[in-house]
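Along the sequence shown, residues are numbered consecutively beginning with 1. Side chains are part of it too, since the values below use all heavy atoms of this structure and drop only hydrogens, waters and symmetry mates.
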Amino acid sequence: MKKNNPIAILKRYAKVYKTKEKYITYMQKMDLIPSTTQRMTELTLEAYWVYFNDLEQIEKEMRGGDISTFIHGYVSKKIHE
């Protein structure tokens, strides 16, 4: 049986759900993000949503095209707000 790539699943569902809130709620149920606090999980999923839906391709390339760096930076910035 082929093991699914969690990032591919996160990307696929980011395009399916029309709102960030629905996406976060559903993805929490899928349990693809390693166990952390509720707030960290929500911020991480929000960061994936933003990366896949809100950033233009040029913005992704300007950020180095590395999703993990973007996710880390986004969560780090938002956790202190």
Side-chain angles (χ1 to χ4, degrees):
M1 185 162 125
K2 182 180 172 186
K3 186 173 182 175
N4 290 323
N5 178 354
I7 293 179
I9 293 170
L10 290 165
K11 182 179 182 178
R12 182 177 346 134
Y13 283 99
K15 300 298 180 184
V16 170
Y17 287 95
K18 302 297 180 200
T19 66
K20 182 176 15 178
E21 293 76 19
K22 286 183 181 181
Y23 172 75
I24 291 170
T25 300
Y26 186 77
M27 298 316 291
Q28 284 176 323
K29 292 177 185 175
M30 289 187 75
D31 199 28
L32 295 172
I33 304 296
S35 295
T36 60
T37 65
Q38 179 74 16
R39 176 78 173 135
M40 286 290 287
T41 300
E42 288 173 0
L43 285 174
T44 302
L45 290 169
E46 181 178 324
Y48 278 108
W49 170 270
V50 168
Y51 187 84
F52 294 131
N53 289 318
D54 293 345
L55 292 184
E56 298 293 330
Q57 186 61 36
I58 191 77
E59 291 176 293
K60 292 175 188 175
E61 290 171 9
M62 287 173 50
R63 297 174 186 270
D66 182 23
I67 190 169
S68 61
T69 302
F70 175 81
I71 300 301
H72 177 74
Y74 186 93
V75 171
S76 294
K77 178 183 174 194
K78 294 288 187 171
I79 198 74
H80 297 293
E81 290 182 352

Validation row: V16, Y26 side chains within 4.5 angstrom (heavy atoms): no

Residue of the set M40, E42, E46 for which side-chain contact (heavy atoms from CB on, under 4.5 Å) holds with V75: M40

Aromatic plane relationship, Y74 with F70 - under 30° parallel, 30 to 60° tilted, over 60° perpendicular: tilted

Result of checking I79, T36, I71, I24 against L43 for side-chain contact (heavy atoms from CB on, under 4.5 Å): I79

K15 atom NZ: more than 12 heavy-atom contacts under 6.0 Å: yes

Interatomic spacing from OG1 in T44 to CG in L32 - rounded to 0.5 Å: 12.0 Å

S76 to H80 - nearest heavy-atom pair and separation: O-CD2, 3.1 Å

Chi angles and distances behind the side chain to side chain contact (heavy atoms under 4.5 Å, CB included) call for W49, T19: CA-CA 9 Å; W49 170 270; T19 66; 5.6 Å; no

Within-4.5 Å side-chain heavy-atom neighbours: Q28 and T41: yes

Side chain to side chain, M30 and Y13, heavy atoms closer than 4.5 Å: yes

Expected output: side-chain Y23 to main-chain L10 donor-acceptor under 3.5 Å: yes

Other residues, nucleotides, ligands: >12 heavy atoms within 6.0 Å of Q57 CD: yes

K11 NZ to N5 CG distance, which is reported to the nearest 0.5 Å: 10.5 Å

